[in-house]
*Asks:* 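Take this structure first; my questions come after.
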Amino acid sequence: MQEVALAPASHSALVVPVRAYGAQRGALAEHIEESIESALRACGGGAAGIGFDTDAGTRLSDQLFRARRAGFPAITIRLSALRALCAPVGGLDAADAQAIVFYVRATEERPVELVLDAADRELPAFVVARRLAAVIEPGGDADADANANADANADADAPSVSLASVIAMGESESESESEAEPEPETEAETETEAELEVDTRWRECAAALEAARGPQTLAAFERLFVQSYLPLAAAVDHGVADGPARDAREEFRRTFSRAYSEALPTFVLTGKRPRMVLDAFDIAARMARSHNARHAQVLVVDGMRFDLAARIAGRVAELLDGRASLADRVTLFAALPSTTPRQFETLARGIEGLKSTSDREAEPLRGRTADAVRRIRVGSRDLYKLDLVETTLAQAGENAIGAIDDIVEETARSIAKHGRAQGSRTLLFVLGDHGFRFDGGAAKHGGASPEEVIVSGHAFLVGDLH
């Protein structure tokens, strides 16, 4: 099939084949991003930056940065089989067309090449808006009636243009835009920019949460959690956001808590589930093989929720500069209740551990030992554990919010100290076992809110760095 390149080819580019088969209609952007991530992992491009999930432009900049680091000055996206996304209405969804336009614009500004099948350029795309009245009652909009024939199928009657026209619009718009912002040179720089935006964009975050209705892919939900929910939750917890924003946060929290609580019992029966804390040993082993590590260690940080983990990982990378590098990362879900004993039970028993209903809680270590990484036995395997986050939050009581910066620094120093003591080519997989929510000024956990359930793991490769 004839292909059309929308930018000059680079023979040394990282080639990313993207077939639309298997992608969900309306989720082409996520499908392309996941394909690029897979290609980067395969070529040793390393983990995404700390601020990777800020927006589409930042994610592409991060991917280009990692591609350059792996020896590829550009990325070539070979997009094919778009017709698979046209069912059931015979044309591309507006979101999918917009995803293609995004990469078309990127070819004008960045070292990106987009290659399409020539036939796919002629596919219809439903991107022209019509008044709802014209769809419900064709006679209610004279202008629309003059330009479109009535049809019993509202989707089939929706106005469309060819994908080639959409691409042409994207190309012309990119020519009129100002010079693109520079790509982030380091992961830490991206994180700093993201943090500066938290207090100023909470209204935008609230609107994004309110607009997110209906089923979503896991990748789309995780992106919504990182880009919109966490910044909004931070604004609410710090007293910045107004009443409607608080309502948006609470509605998203209630919806997730109910849905996750209902879905959890089905994980054992269907086998369909997200990656979870209980998978930590398998994930660490797989990452170790991928990065040619000699050994793999699992280090569980009690109570390290998602946003803390991002900051801590960035600081650990700074402290271990020259000794270790951030090699990979992953999003994980905790079992319910979101307590440490529950997660350790599932780590010991695997998926079978979800069948129990244990809700006992363990008292974290107190005093000087809380900042020491200790080795413990879980089932038939060993892991390492750090109690500093959970202990400090408990001691802070109603002032837990104010203790976060100190927690980040002290936790990072404890992890870095442990990392420096490891042998060459050791993969250290650091994850939180559960998160926490703020109730007033105090930190609480054990529930099913997104902050308590969703955590992340970061893999550091120690020694023999090039």
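Keep in mind that this is a model prediction, so the values were computed, not measured.
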*Asks:* Is it the case that the side chain of Ser257 and the backbone of Ala448 share a donor-acceptor pair, with hydrogens and angles ignored and the cut-off at 3.5 Å?
*Replies:*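 Yes, Ser257 side chain to Ala448 backbone: donor-acceptor pair under 3.5 Å.
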*Asks:* Would you check if Leu332 and Met276 make a side-chain contact, meaning some heavy-atom pair closer than 4.5 Å?
*Replies:*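 Leu332 does not reach Met276 side chain to side chain.
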*Asks:* In the structure I gave you, are the side-chain heavy atoms of Val300 and Leu431 within less than 4.5 Å of one another anywhere?
*Replies:*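 Yes; the side chains approach each other to less than 4.5 Å.
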*Asks:* Using side-chain heavy atoms (C-beta onward) and a distance below 4.5 Å, is Phe438 in contact with Val236?
*Replies:*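 Counting from C-beta outward, Phe438 and Val236 never come under 4.5 Å.
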*Asks:* Counting C-beta onward and ignoring hydrogens, is there a side-chain heavy-atom pair between Ile404 and Arg311 closer than 4.5 Å?
*Replies:*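 A side-chain contact exists here, since the closest heavy-atom pair is under 4.5 Å.
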*Asks:* Measure the CD-OG distance between Glu204 and Ser228 for me, rounded to the nearest 0.5 Å.
*Replies:*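 Atom-to-atom, Glu204:CD and Ser228:OG are 7.0 Å apart.
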*Asks:* What's the shortest heavy-atom distance between Ser35 and Val18, and which atoms?
*Replies:*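 What the structure gives for the nearest pair is CB-CG2, 3.7 Å.
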*Asks:* Tell me yes or no: between the side chains of Asp328 and His458, is some donor less than 3.5 Å from an acceptor?
*Replies:*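 Note: Asp328 and His458 side chains miss the donor-acceptor criterion.
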*Asks:* Okay, side chain of Arg69, backbone of Gly45: is any donor-acceptor separation there less than 3.5 Å?
*Replies:*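 Yes, the answer is positive, given that a donor and an acceptor are paired below the 3.5 Å cut-off.
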*Asks:* Are Arg374 and Asp387 ion-paired here, with the side-chain N under 4.0 Å from a carboxylate O?
*Replies:*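 Salt bridge present between Arg374 and Asp387.
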*Asks:* Should the heavy atoms of other residues, nucleotides or ligands under 6.0 Å from CZ of Arg349 be counted, would the total exceed 12?
*Replies:*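 Yes, the 6.0 Å shell around CZ holds more than 12 heavy atoms from other groups.
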*Asks:* Can you tell me how far apart CZ (Arg305) and NE2 (His445) are? Round to the nearest 0.5 Å.
*Replies:*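 Going from CZ on Arg305 over to NE2 on His445, the span is 13.0 Å.
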*Asks:* I'd like to know if the side chain of Thr266 and the backbone of Ala263 have a donor-acceptor N/O pair within less than 3.5 Å.
*Replies:*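 Yes, Thr266 side chain to Ala263 backbone: donor-acceptor pair under 3.5 Å.
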*Asks:* Between Tyr103 and Leu79, is the side-chain contact (heavy atoms from CB on, under 4.5 Å) condition met? List the steps.
*Replies:* CA-CA 11 Å; Tyr103 286 100; Leu79 185 57; over 6 Å; no
*Asks:* How close do Asp371 and Ser414 get, counting heavy atoms only, and between which atoms?
*Replies:*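 Shortest heavy-atom contact: O-OG, 2.9 Å.
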*Asks:* Determine whether a donor-acceptor pair (N or O, by modelled atom type, separation under 3.5 Å) exists between the side chain of Ser290 and the backbone of Arg286.
*Replies:*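 No: the side chain of Ser290 does not pair with the backbone of Arg286.
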*Asks:* Mark yes or no for whether Glu452, through its side chain, and Gly446, through its backbone, hold a donor-acceptor pair below 3.5 Å.
*Replies:*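 Side chain of Glu452 to backbone of Gly446: a pair is present.
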*Asks:* If you compare all heavy atoms of Cys205 against all heavy atoms of Leu232, which two are closest, and at what distance to 0.1 Å?
*Replies:*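 Looks like CB-CB, 4.0 Å.
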*Asks:* Do Thr107 side-chain atoms and Val104 backbone N/O form a donor-acceptor pair below 3.5 Å?
*Replies:*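 Flag set: sc Thr107 to bb Val104 pair under 3.5 Å.
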*Asks:* Please table the atom pairs, donor to acceptor, closer than 3.5 Å between any side-chain atom in residues 239-249 and protein atoms at least two apart or in another chain.
*Replies:*
{"unit_1": "Asp242", "atom_1": "OD1", "unit_2": "Ala245", "atom_2": "N", "d": "3.1"}
{"unit_1": "Arg246", "atom_1": "NH1", "unit_2": "Ala241", "atom_2": "O", "d": "3.1"}

*Asks:* Tyr229 vs Phe256, test: ring-ring contact (aromatic ring centres under 6.0 Å, His included). Steps then yes/no.
*Replies:* CA-CA 11 Å; Tyr229 180 78; Phe256 173 84; 8.3 Å; no
*Asks:* Could you give the distance from CD1 (Ile283) to CG (Leu427), rounded to the nearest 0.5 Å?
*Replies:*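 Rounded to the nearest 0.5 Å, the CD1-CG separation comes to 11.5 Å.
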*Asks:* So, taking the atom named CZ in Arg19 and the one named CZ in Arg78, what distance separates them when rounded to the nearest 0.5 Å?
*Replies:*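 Reported value, rounded in 0.5 Å steps: 12.0 Å.
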*Asks:* Judged by atom type as modelled, is there a donor-acceptor pair below 3.5 Å linking the side chain of Thr346 to the main-chain atoms of Gln343?
*Replies:*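 Here the side-chain-to-backbone pair exists.
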*Asks:* Quick one, Ile75 with Leu64, criterion side-chain contact (heavy atoms from CB on, under 4.5 Å). Give me CA distance, side-chain angles, the key distance, then yes/no.
*Replies:* CA-CA 7 Å; Ile75 293 178; Leu64 287 166; 3.8 Å; yes
*Asks:* Shortest non-hydrogen contact from Ser261 to Leu336?
*Replies:*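 Minimum heavy-atom separation between Ser261 and Leu336: OG-CD1, 3.6 Å.
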*Asks:* I'd like to know if Arg437 and Asp237 make a salt bridge, using a cut-off of under 4.0 Å between side-chain N and carboxylate O.
*Replies:*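 No.
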*Asks:* Quick one, Gln24 with Glu30, criterion side-chain contact (heavy atoms from CB on, under 4.5 Å). Give me CA distance, side-chain angles, the key distance, then yes/no.
*Replies:* CA-CA 9 Å; Gln24 182 175 332; Glu30 289 86 352; over 6 Å; no
*Asks:* Can you find a heavy atom in the side chain of Phe460 that is under 4.5 Å from one in the side chain of Leu326?
*Replies:*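 Phe460 vs Leu326: side chains touch.
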*Asks:* One thing to verify: whether Arg25 and Asp96 come together as a salt bridge, which I'm taking to mean a side-chain N less than 4.0 angstrom from a carboxylate O.
*Replies:*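 Looking at Arg25 together with Asp96, the answer is no, because their closest N to O distance does not fall below 4.0 Å.
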*Asks:* Hey, is Glu410 close enough to Arg315 for a salt bridge, meaning N to O under 4.0 Å?
*Replies:*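 No, this pair does not count.
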*Asks:* Going from CG on Leu393 to CE on Met304, what distance comes out if it is rounded to the nearest 0.5 angstrom?
*Replies:*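 Interatomic distance, Leu393 CG to Met304 CE, rounded to 0.5 Å: 12.5 Å.
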*Asks:* Would you check if the side chain of Ser61 reaches a backbone N or O of Gly57 as a donor-acceptor pair within less than 3.5 Å?
*Replies:*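 Side chain of Ser61 to backbone of Gly57, a donor-acceptor pair under 3.5 Å: yes, one is there.
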*Asks:* What I'd like to find out is whether the side chain of Phe267 reaches to under 4.5 Å of the side chain of Pro274, using heavy atoms alone.
*Replies:*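 Yes, their side chains come closer than 4.5 Å.
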*Asks:* Working to the nearest 0.5 Å, report the span between NE2 of His295 and OG of Ser424.
*Replies:*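 With rounding to 0.5 Å, NE2 (His295) is 9.0 Å from OG (Ser424).
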*Asks:* For Leu92 versus Leu82, what's the shortest heavy-atom pair and its separation?
*Replies:*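 For Leu92 and Leu82, the tightest heavy-atom pair comes out as CD2-O, 3.7 Å.
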*Asks:* Would you indicate whether the side-chain heavy atoms of Ile100 and Leu114 approach each other to under 4.5 Å?
*Replies:*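 In contact.
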*Asks:* Please name the pair of heavy atoms, one in Leu461 and one in His291, separated by the smallest distance, quoted to 0.1 Å.
*Replies:*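 Closest pair (atom of Leu461, atom of His291, distance): CD2-O, 4.1 Å.
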*Asks:* Answer whether the closest heavy-atom distance between the side chains of Phe333 and Leu264 falls below 4.5 Å.
*Replies:*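 SC-SC contact between Phe333 and Leu264 ruled out.
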*Asks:* Would the distance check show the side chain of Asp433 and the main-chain N or O of Gly303 forming a donor-acceptor pair, the cut-off being under 3.5 Å?
*Replies:*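 Such a contact is found between Asp433 side chain and Gly303 backbone.
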*Asks:* What residues form a side-chain hydrogen bond (donor to acceptor under 3.5 Å, both in side chains) with His418, not counting sequence neighbours?
*Replies:*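 With neighbours one apart ignored, the set is Gln297, Gln422.
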*Asks:* Show the numbers, then the answer: is there a salt bridge (charged side-chain N to carboxylate O under 4.0 Å, His left out) between Arg273 and Asp279?
*Replies:* CA-CA 11 Å; Arg273 61 178 178 86; Asp279 299 312; 2.7 Å; yes
*Asks:* Given His434 and Arg342, is the side-chain contact (heavy atoms from CB on, under 4.5 Å) satisfied, shown in steps?
*Replies:* CA-CA 10 Å; His434 62 78; Arg342 178 65 166 141; over 6 Å; no
